[in-house]
Amino acid sequence: QVQLVESGGGLVQAGGSLRLSCAASGRTFSNYAMGWFRQAPGKEREFVAAINWSGGSTYYADSVKGRFTISRNNAKNTVYLQMNSLKPEDPAVYYCNAGKSPYLVPNPTLFQTRSWINSWGQGTQVTVAS
């Protein structure tokens, strides 16, 4: 199983930006699609974004489309989440995850399920001040 460690969370003003990083170890990083979820207090963990093994294919939740960008650097075993134009509804603990295969699931409705996920990071807190 691949081990994941997130970093980059913090406090930012509404409208500002943050970049989250997730460092992977333990397995060949390029064997896995990667993704980000988030969980706000009292809410279900929700899908944010996913990227395939090469970075050539991505998918986003509607709530972050156009504001967030997922990317990866296979040479550094790291996946990123660039978050721009942060809103008061974005604060949450953000979790990195590794998929079970190099590819994105073919049905976008499956991203919200956890069936495609192999492992999780411990999470990093993002707070947005209005």
Side-chain angles (χ1 to χ4, degrees):
Q1 202 173 34
V2 61
Q3 287 78 48
L4 304 170
V5 178
E6 300 96 333
S7 61
L11 173 64
V12 64
Q13 293 289 323
S17 299
L18 275 177
R19 189 176 81 156
L20 305 183
S21 299
C22 173
S25 62
R27 298 280 184 171
T28 303
F29 181 64
S30 59
N31 283 349
Y32 302 96
M34 301 294 295
W36 290 91
F37 278 66
R38 66 185 181 185
Q39 188 168 18
K43 294 188 176 182
E44 295 286 319
R45 190 173 297 190
E46 65 172 354
F47 168 77
V48 174
I51 188 167
N52 75 335
W53 70 276
S54 68
S57 183
T58 58
Y59 190 80
Y60 297 92
D62 288 343
S63 58
V64 306
K65 201 173 295 183
R67 300 188 298 123
F68 291 10
T69 302
I70 188 170
S71 62
R72 64 190 295 160
N73 184 328
N74 287 345
K76 294 185 177 181
N77 292 349
T78 302
V79 63
Y80 305 97
L81 186 69
Q82 177 68 44
M83 305 185 295
N84 298 330
S85 304
L86 282 160
K87 299 180 178 180
E89 57 263 37
D90 291 322
V93 178
Y94 282 71
Y95 296 90
C96 171
N97 71 272
K100 294 178 179 176
S101 87
Y103 309 106
L104 299 184
V105 292
N107 184 344
T109 62
L110 294 177
F111 282 115
Q112 179 57 40
T113 74
R114 302 184 187 188
S115 60
W116 63 283
I117 295 168
N118 183 44
S119 57
W120 295 94
Q122 84 288 349
T124 185
Q125 178 72 51
V126 171
T127 304
V128 179
S130 57

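Reckoned from all heavy atoms, side chains included, excluding hydrogens, waters and symmetry mates.
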For the residue pair [X] and [Y], what are the closest heavy atoms and their distance?
X: R67; Y: L86; answer: NH1-CA, 3.9 Å
X: A50; Y: F111; answer: CB-CE2, 3.6 Å
X: S85; Y: S17; answer: N-OG, 4.3 Å
X: Y59; Y: P108; answer: OH-CB, 3.2 Å

Result for side chain to side chain contact (heavy atoms under 4.5 Å, CB included) between V126 and one of D90, L81, L20 points to L20

With no hydrogens and no angle check, is any side-chain donor or acceptor of [X] less than 3.5 Å from a backbone partner on [Y]?
X: Q39; Y: A92; result: no
X: T127; Y: L11; result: no
X: T28; Y: S30; result: no

For K43, which residues count as a salt bridge (Lys or Arg N to Asp or Glu O under 4.0 Å) partner, sequence neighbours excluded?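 In terms of salt bridge (Lys or Arg N to Asp or Glu O under 4.0 Å), with neighbours along the sequence ignored, K43 is linked to no residue.
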
Above 12 or not: heavy atoms from other molecules or residues under 6.0 Å from CD of Q1? yes

When you group the ILVMFWY residues by side-chain heavy-atom contacts below 4.5 Å and let the links chain together, are F68 and V93 in the same group? no

Spell out, yes or no, whether I51 and L18 are grouped together once hydrophobic residues are joined by side-chain heavy atoms under 4.5 Å, including indirect joins. yes

Report yes if some heavy atom in the side chain of [X] is under 4.5 Å from a heavy atom in the side chain of [Y]; otherwise report no.
X: V5; Y: Q122; value: yes
X: Y60; Y: V48; value: no
X: V79; Y: I70; value: yes
X: W120; Y: R45; value: yes
X: W53; Y: M34; value: no

SB check K65 D62 (cutoff 4.0 Å): yes

Separation of [Y] [atom2] from [X] [atom1] (nearest 0.5 Å):
X: T58; Y: N52; atom1: OG1; atom2: CG; value: 8.5 Å
X: S119; Y: N97; atom1: OG; atom2: CG; value: 7.5 Å
X: Q3; Y: S25; atom1: CD; atom2: OG; value: 5.0 Å

Whether R38 engages the ring of Y95 as a cation-pi pair (distance to the six-membered ring centre under 6.0 angstrom, angle to the ring normal within 45°) should be assessed. no

Inter- and intrachain pairs under side chain to side chain donor-acceptor pair (under 3.5 Å), touching residues 72-83, at least two apart: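 Passing the test, one end in residues 72-83: R72-N74, Q82-N84.
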
Considering only residues two or more places apart or on different chains, which pairs with a residue in residues 99-118 satisfy side chain to side chain donor-acceptor pair (under 3.5 Å)?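 Matches after skipping sequence neighbours: N107-T109, T113-S115.
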
Can you confirm whether or not the ring centre of Y94 sits under 6.0 Å from the ring centre of F37?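 No - the distance between ring centres of Y94 and F37 does not fall below the 6.0 Å cut-off.
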
